A.B. asks: 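Quick one: the structure is below, questions incoming.
Values below: all heavy atoms of this structure, side chains included; hydrogens, waters and symmetry mates excluded. Please read all numbers here as calculations on a predicted model, not as lab measurements.
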Amino acid sequence: MPLPADRLQGTLDLLVLKTLTWGPAHGYAIARWIEQITGEVLTVGEGSLYPALHRLEEREWVESEWQLSATRRRTKVYRLTTAGRRQLRAETNAWEQFVAAVGKVIATQERPA
Amino acid sequence: MKAFEAPRRDPRRDVDDEIRFHVESRVAELVARGMPEPEARRRAEQEFGDAARVRAETVRIDERMAKRRRRTEWIGDVVRDARIGLRSLSRTPGYTLTAVLCAALGIGITAAVVSAAWNILVRPLPYRDADRLVAIYGENVTRGERGSNISYPDYVAWKQETKAFSGIGLWDWYDATLASGGEPERLKGSQVTANLFPLLGVQPRLGRGFTADEEVPGRDDVVLLSDRLWRRRFGADPSIVGRTVIVDGVAHTVVGVMAPGFNFPQRGDLWVPLAVDPARETRDNRYHAGAIGRLKDGVPFERGVADLHAIDARLAREFPRENEGWRADVVPMRQDLVGDLRQPLLVFLGAVALVLLMVCANVANLTLARAAARGREMAVRTALGASRARLARQLAVESLLVAALGGVLGVGIAWIGVRLLRYGFPDQVPPFFVTLKLDGTALAIVAIVTLVTGVLFGIVPALRVPGWDAQGELREGGRGASGGLHRSRLRRALVVGEITLSVVLMVGATLLARSYRNLAGTDLGFTEEGALTVRILLAPADYPHPAQAAAFESRLLDRLRSLPGVTAVGGAQGLPFTGWLVQSWASVEGAPPPVKKEDELVVHYQYVTPDFFKAMGVRLVRGRWLTDADRDTLNPAVLVNERLVATAFGGKDPIGQRISLGGDPTWGTVVGVIGDYRQFAASQPMVPAVFYPITKAPPFFARWMSIVIRTSGDPAQLAPALRAAVKELDPRIAVEQVQTLDEVVSRSIWRQRLQEHVLGVFAVLSLVLACIGLYGVVSYAVAQRTRELGVRMALGATRRRVAWMVIEQSGRLVLAGVAAGLVLALAGTRVLEGLLYGVRATDPITFALVPISLGLVALVAAALPARRATRVDPIVAMRAE
């Protein structure tokens with residue numbers, strides 16, 4: 001059973017920003033990439049992906065542009081901004097600290113004094 | 001600058017497209033893996049989930065984003081326009097400087113006057129729900145007198161029987177010498193009933209107010225201090241409550257300190273209970289200063305008045321002898337406090353509005369001239385595709401920038417203006433309820449006036465933009481005359497308007513100036529120069545017997561007489577223009593008693609020392625002066641004035657006739673007639689008057705005296721010697737109101753002086769503005785016609801003829817403005833009627849003088865460009881083409 005990518009608040013933002021460091025992409029591509037990389041451990045619910053993308057755009061961490069796809073459809077392509085890169089760095093740090101902290105608790109055998 | 005603005009899209013359509021693309025991509029992928037299309041579609045849609053919810057949420061975010069983006073874009077545009085505007089303004093420093101200074105002047109003085117008017121006429125009085133408070137005085141309907149004192153029994157009747165007022169309290173003027181906490185000092189305040197301060201809604205900050213049982217003589221030795229006095233003389237010592245201070249020589253217990261800023265009825269520093277013995281208060285003894293009432297909630301002012309008048313009607317039926325013709329004179333408290341200041345303030349407001357209008361016309365005029373000069377620039381920009389709205393906005397932003405710069409400078413001018421207004425009040429002390437300073441309200445007024453000004457003078461040039469004929473401008477090379485014709489007609493109209501308003505202001509100012517000169521030049525009947533005056537008050541505790549007081553006063557007069565340079569010294573109760581006008585009915589021996597009450601002889605009376613009129617410089621018309629020998633109090637010698645001779649003796653010789661006051665059985669024999677002098681106000685002729693020897697003065701007049709010292713030297717130099725003389729005789733006495741007779745007079749006409757000065761400043765300003773406007777229009781016209789004038793001169797027109805052409809053109813503008821101005825002034829100066837003295841609102845001299853002087857000044861303003869026109873060199877003018 002795959003886990004939803006936004007199981008923890010803010011995780012989806014982090015994943016989307018990271019995904020976009022490989023280059024501009026539309027929403028569908030972003031969702032597929034995340035699923036592929038995680039070996040389909042994480043799924044991105046479309047219900048939360050689009051609001052998340054638009055929110056990131058509102059905060060000016062990503063910007064968007066309409067393009068014609070290979071199938072000649074109008075597609076909205078997102079691109080990371082400088083502010084977005086900065087945000088990604090900050091969120092990555094925070095995530096690593098969080099994981100390390102949770103890991104420590106889980107690894108601890110003895111009851112603290 | 002952004003070259004193209006992306007077409008605005010509907011965010012809902014975008015979101016739909018995005019979602020559809022997602023679903024289609026998924027379907028394509030599934031089909032590619034071999035799933036049949038209908039099943040693939042079902043699966044894709046199922047995976048996507050609640051598309052409607054996603055769509056709604058996403059659209060909401062997009063709309064929020066779009067709104068914010070539009071706002072930042074707009075701000076960015078405005079900032080950009082402002083930057084361009086500033087750069088463009090700095091390229092025409094002459095225009096910018098003149099326009100900004102004009103705007104600053106207009107905005108500054110408007111803000112100063114409006115903030116003063118707001119402060120005086122609108123700002124709530126420092127009492128609780130002050131619009132419910134009324135001042136109550138007496139009105140005698142038969143004699144047509146208002147604002148009279150009231151009697152205690154009438155006050156009690158009002159207070160007890162009223163249904164419209166929640167409370168009525170009585171007060172009296174009071175001033176006293178405070179001898180504790182430093183040198184003896186004369187202080188002002190009032191005597192008040194215990195209910196008065198609670199009725200005003202003010203609490204002491206320390207201690208308590210008065211109680212009803214302190215309204216009894218003998219128990220009234222308590223005092224309330226002002227916060228000001230408490231800080232100044234007692235170092236804000238909180239243990240003051242309960243302490244004993246010496247007031248007028250009597251120990252009083254301080255029961256409380258009033259809140260900071262509290263004053264009643266005017267600026268005052270100490271208050272004592274109004275203690276009366278009701279048994280000794282008669283209905284016809286109207287000597288209490290007034291009462292204050294608070295209307296019950298929801299009761300309109302008129303009902304309050306009617307309520308008291310109904311009580312008065314009953315009293316008049318019950319006590320016809322004492323009360324017939326009398327009723328309460330009720331005025332809203334603010335009106336009572338603002339009094340005579342209201343009308344001049346409204347006139348100032350009107351005048352300043354005219355000045356502001358002129359300023360707007362002037363700046364609009366300058367802006368139009370500048371726009372005309374920039375016609376080519378604008379035409380090029382239009383041709384290059386700048387939208388008219390864009391250009392109009394640019395012009396509007398420039399106008400607002402000028403207004404804003406003017407506003408900033410205007411704050412400084414308003415600050416100065418408010419400072420100067422302070423000098424308008426006697427001793428530079430405005431009434432207590434007025435704070436003359438540039439506060440938040442004043443700054444808000446500046447901001448509003450700035451905006452209004454900017455819009456007023458910016459709107460005309462900005463609206464003219466769509467009318468720009470780009471092709472015409474370009475074809476004429478921006479130098480032609482015809483393209484600017486319409487615009488210059490508008491500018492001429494603005495100048496005519498300015499001259500019109502200037503005429504109105506100048507007529508108003510001239511009328512007020514003539515009134516003031518008339519008033520200041522009125523023969524007052526006494527000699528203002530060379531006399532020093534002072535008021536001496538003796539505390540009953542220090543001088544228990546009237547005879548002691550009289551002895552002191554006589555010693556003091558002797559001492560003053562011996563000062564070097566002094567030629568005459570005299571004393572009486574009240575000097576002219578100090579509010580003193582005690583009156584009584586009187587009868588002439590042998591004359592039939594009056595049939596009707598209004599035929600009654602009413603006279604002003606005073607008790608004077610023999611040399612009083614010599615010291616005042618009043619002339620003796622007939623008979624003799626009073627002398628030290630006139631000591632007989634049972635058959636006293638009296639002086640009367642010419643007015644009394646005319647009123648009561650039909651102009652016949654009154655010497656030897658006898659007269660009696662208020663039914664007094666002792667008859668005074670007239671020994672002399674003195675010239676009328678003005679007593680109550682410089683603008684009011686003297687009423688009939690009788691003067692008794694000081695020895696006849698009743699005991700309650702014994703403890704104060706107003707003294708006049710005439711000297712051959714500078715009267716002001718005499719003040720230190722006067723103070724020293726008083727102090728030497730009795731150091732407990734506080735000397736007050738030491739001022740020359742000159743000062744007394746000039747203080748009495750301060751309001752008229754203020755009116756004259758303020759309107760004078762406005763009129764001069766308006767003249768300058770009108771001249772700047774005229775000069776601008778005429779010199780522009782000359783510049784426009786350079787070629788034409790050159791051709792004319794080449795064809796043989798003389799310099800004189802060319803100059804005359806220009807002058808004639810300006811003369812027509814001036815004539816039109818003056819004619820319109822005179823008509824407007826004739827209709828408008830009516831508002832001044834109550835403020836004028838010795839001159840009518842349609843004064844022909846004023847109406848002749850103003851156009852002549854304005855015409856002359858305006859012609860000088862036009863002559864300068866006319867001179868320039870004669871210097872046009874035909875060759876140069878033609879070659880410039």
Side-chain angles (χ1 to χ4, degrees), chain A residues 1-7 9-10 12-13 16 19-20 24-36 38 40 42-79 81 83-84, chain B residues 2-33 35 37 40-73 75-76:
Chain A
M1 184 65 193
L3 301 169
D6 56 346
R7 185 173 167 188
Q9 190 85 51
L12 181 58
D13 286 359
V16 169
T19 312
L20 287 176
H26 46 67
Y28 183 73
I30 294 169
R32 286 292 84 81
W33 283 355
I34 292 174
E35 284 167 13
Q36 280 167 25
T38 61
E40 307 217 343
L42 296 182
T43 63
V44 179
E46 286 78 0
S48 44
L49 174 66
Y50 285 96
L53 274 170
H54 285 241
R55 242 191 312 274
L56 290 175
E57 188 180 8
E58 192 187 9
R59 290 182 188 157
E60 298 183 344
W61 291 334
V62 304
E63 55 191 15
S64 69
E65 197 184 344
W66 286 93
Q67 289 180 355
L68 284 183
S69 73
T71 53
R72 304 206 57 78
R73 281 178 186 281
R74 269 181 87 232
T75 73
K76 196 176 178 189
V77 175
Y78 295 88
R79 179 186 298 124
T81 63
Chain B
K2 210 177 349 175
F4 301 99
E5 210 168 298
R8 212 155 268 155
R9 299 167 136 290
D10 184 357
R12 266 166 302 185
R13 254 195 56 207
D14 278 358
V15 169
D16 284 344
D17 281 358
E18 198 176 8
I19 292 173
R20 193 174 311 122
F21 175 78
H22 185 104
V23 173
E24 293 302 330
S25 302
R26 182 65 176 157
V27 170
E29 192 185 330
L30 291 172
V31 169
R33 284 197 212 154
M35 196 179 279
E37 201 194 314
R41 186 161 296 278
R42 215 168 28 248
R43 170 97 176 266
E45 274 165 10
Q46 188 195 341
E47 275 176 5
F48 195 90
D50 189 351
R53 190 186 57 78
V54 173
R55 180 171 173 270
E57 194 176 341
T58 315
V59 165
R60 212 183 56 233
I61 296 171
D62 279 12
E63 275 169 351
R64 196 167 59 207
M65 191 159 48
K67 201 194 282 172
R68 189 174 313 158
R69 203 161 274 169
R70 275 199 298 278
R71 202 179 312 142
T72 24
E73 259 170 34
I75 291 171

A.B. asks: Considering only heavy atoms and a distance below 4.5 Å, find which of B/Arg60, B/Arg55, B/Glu29 pairs most often with chain A.
C.D. replies: B/Glu29
A.B. asks: Where is the tightest heavy-atom contact between A/Pro51 and B/Ile61, given as atom of each residue plus distance?
C.D. replies: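 In this case the closest contact between A/Pro51 and B/Ile61 is O-CD1, 3.5 Å.
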A.B. asks: Using a strict threshold of under 4.0 Å (side-chain N to carboxylate O), is an ion pair present between A/Arg74 and B/Asp14?
C.D. replies: yes
A.B. asks: Which atoms of A/Arg55 come close to chain B, meaning under 4.5 Å heavy atom to heavy atom: side chain ones, backbone ones, both, or neither?
C.D. replies: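 Both parts, backbone and side chain.
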A.B. asks: Using the side-chain contact (heavy atoms from CB on, under 4.5 Å) rule, take B/Arg26 and A/Arg32 through it: C-alpha gap first, then chi angles, then the decisive distance, then the call.
C.D. replies: CA-CA 10 Å; B/Arg26 182 65 176 157; A/Arg32 286 292 84 81; 3.6 Å; yes
A.B. asks: With rounding to the nearest 0.5 angstrom, report the CZ to CE distance, A/Arg59 to B/Met65.
C.D. replies: 12.0 Å
A.B. asks: NE2/A/His54 to OG1/B/Thr58 distance, rounded to the nearest 0.5 angstrom?
C.D. replies: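 Going from NE2 on A/His54 over to OG1 on B/Thr58, the span is 5.5 Å.
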A.B. asks: Less than 4.5 Å to any heavy atom of chain A: does that hold for the side chain of B/Val23, its backbone, both, or neither?
C.D. replies: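 Neither part, no heavy atoms under 4.5 Å.
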A.B. asks: How close do A/Trp66 and B/Glu18 get, counting heavy atoms only, and between which atoms?
C.D. replies: CH2-N, 4.3 Å
A.B. asks: Please classify the contact of B/Glu57 with chain A as side chain, backbone, both or neither, using a heavy-atom distance under 4.5 Å.
C.D. replies: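 Just its side chain gets close to chain A.
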A.B. asks: Nearest 0.5 angstrom please: A/Tyr50 OH to B/Arg53 CZ, how far?
C.D. replies: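 Here the rounded value is 14.0 Å.
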A.B. asks: Can you name the nearest heavy-atom pair linking A/Ala31 to B/His22, along with the distance?
C.D. replies: CB-CE1, 4.5 Å
A.B. asks: Can you establish whether the number of heavy atoms outside B/Arg64 located under 6.0 Å from its atom CZ is more than 12?
C.D. replies: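 Yes, enclosed.
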